[in-house]
Amino acid sequence: MQNKIVNFVNEAVSINSGLLSKSVNQSVVSGQKFAQQVSDQAVEWANIKNFDDYVASQKIWNASVVDQIQSSTQSAIELGNEAYDAYFGLWKKVLSPTVSPVAEAKVVKAKAA
């Protein structure tokens with residue numbers, strides 16, 4: 001029984017570590033993209049000469065923000081699905097019997113009279 005608990009905890013820690021790692025990686029990538037977009041936008045703002053340039057620049061910025069939100073949302077959904085699948089599989093494994101009913105059957109020999 002103690003081994004089952006240790007194995008359960010180890011698997012849960014492994015799942016958490018994997019999910020945390022993916023979450024941090026996604027956050028880093030997202031932050032890098034945002035920093036690059038801000039840098040690019042700052043350069044474009046320096047080149048704005050009229051209202052049309054400003055509008056074109058804002059369209060690019062808005063499209064970038066929408067793309068960033070969609071990408072982050074998709075990543076969150078995928079991470080959530082992965083977490084659900086991993087924990088569901090873990091609980092299913094823990095809660096299901098480890099010995100099949102066929103293996104549990106005992107042969108009873110009749111005593112000779």
Side-chain angles (χ1 to χ4, degrees):
M1 181 66 173
Q2 190 175 15
N3 286 341
K4 283 178 116 178
I5 293 171
V6 169
N7 290 339
F8 173 77
V9 170
N10 285 337
E11 263 191 82
V13 167
S14 177
I15 290 169
N16 287 342
S17 296
L19 294 172
L20 181 61
S21 175
K22 288 179 181 184
S23 177
V24 168
N25 287 339
Q26 173 56 32
S27 295
V28 168
V29 168
S30 180
Q32 289 172 337
K33 285 181 183 178
F34 183 72
Q36 183 62 48
Q37 181 60 33
V38 168
S39 176
D40 294 346
Q41 188 68 29
V43 170
E44 287 190 29
W45 282 340
N47 295 324
I48 291 176
K49 294 180 177 63
N50 57 39
F51 186 71
D52 291 335
D53 290 347
Y54 172 77
V55 169
S57 177
Q58 283 304 109
K59 284 182 182 179
I60 291 169
W61 176 258
N62 292 344
S64 172
V65 169
V66 168
D67 182 52
Q68 185 82 11
I69 291 169
Q70 288 174 335
S71 176
S72 294
T73 302
Q74 185 62 37
S75 294
I77 290 169
E78 290 170 2
L79 192 62
N81 287 339
E82 184 176 338
Y84 173 81
D85 291 342
Y87 281 112
F88 182 73
L90 179 60
W91 280 109
K92 190 173 170 183
K93 185 173 21 173
V94 168
L95 297 177
S96 67
T98 56
V99 180
S100 67
V102 173
E104 288 180 1
K106 295 181 181 179
V107 177
V108 178
K109 295 182 181 180
K111 292 185 179 182

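Using a distance-only test at 3.5 Å, with no hydrogens or angles considered, a donor-acceptor pair links the side chain of Ser96 to the main chain of Lys92. Between the side chain of Asp53 and the backbone N or O of Lys49, at least one donor-acceptor pair lies under 3.5 Å. Ser17 contributes a side-chain N or O that, together with a main-chain N or O of Val13, makes up a donor-acceptor pair within less than 3.5 Å.
One distance of note links OG of Ser14 with CG of Asn7; it measures 12.0 Å at 0.5 Å rounding. Taking CG of Leu20 as the reference point, atom OG of Ser27 lies at 9.5 Å (rounded to 0.5 Å). With rounding to the nearest 0.5 angstrom, the CG atom of Asn10 is 12.0 Å from the CD1 atom of Ile5. Taking OG of Ser72 as the reference point, atom CG of Asp67 lies at 9.0 Å (rounded to 0.5 Å).
Side-chain atoms of Gln68 and Gln37, non-hydrogen and from C-beta on, never get closer than 4.5 Å to each other. Annotation: side chain of Leu19 is not in contact with side chain of Ser23 (no heavy-atom distance under 4.5 Å). In this structure, the side chains of Val38 and Trp61 come closer than 4.5 Å at one or more pairs of heavy atoms. Counting heavy atoms from C-beta on, the side chains of Val28 and Gln32 come closer than 4.5 Å. Here the side chains of Gln58 and Trp45 are in contact, with some heavy-atom distance below 4.5 Å.
Residue-environment remark: CZ (Phe8) exceeds the threshold of 12 foreign heavy atoms within 6.0 Å.
Grouping the Ile, Leu, Val, Met, Phe, Trp and Tyr side chains by contacts below 4.5 angstrom, directly or via other members, places Val9 with Trp91. When hydrophobic clusters are built by joining Ile, Leu, Val, Met, Phe, Trp and Tyr residues whose side-chain heavy atoms come closer than 4.5 Å, directly or via intermediates, Ile60 is not grouped with Tyr54. In this structure, Leu95 is a member of the same hydrophobic cluster as Leu90, with clusters built from ILVMFWY side-chain heavy atoms closer than 4.5 Å. Linking ILVMFWY residues whenever their side-chain heavy atoms come closer than 4.5 Å, directly or via other members, leaves Phe88 and Ile15 in distinct clusters.
Applying the side chain to side chain donor-acceptor pair (under 3.5 Å) definition to pairs two or more places apart or across chains, those involving residues 74-83 are Lys22-Glu82, Gln26-Ser75, Gln74-Glu78.
Residues Ile48 and Asn50 approach most closely at CG2-O, 3.5 Å, considering heavy atoms.
Residues passing the salt bridge (charged side-chain N to carboxylate O under 4.0 Å, His left out) test with Glu11, sequence neighbours excluded: Lys93.
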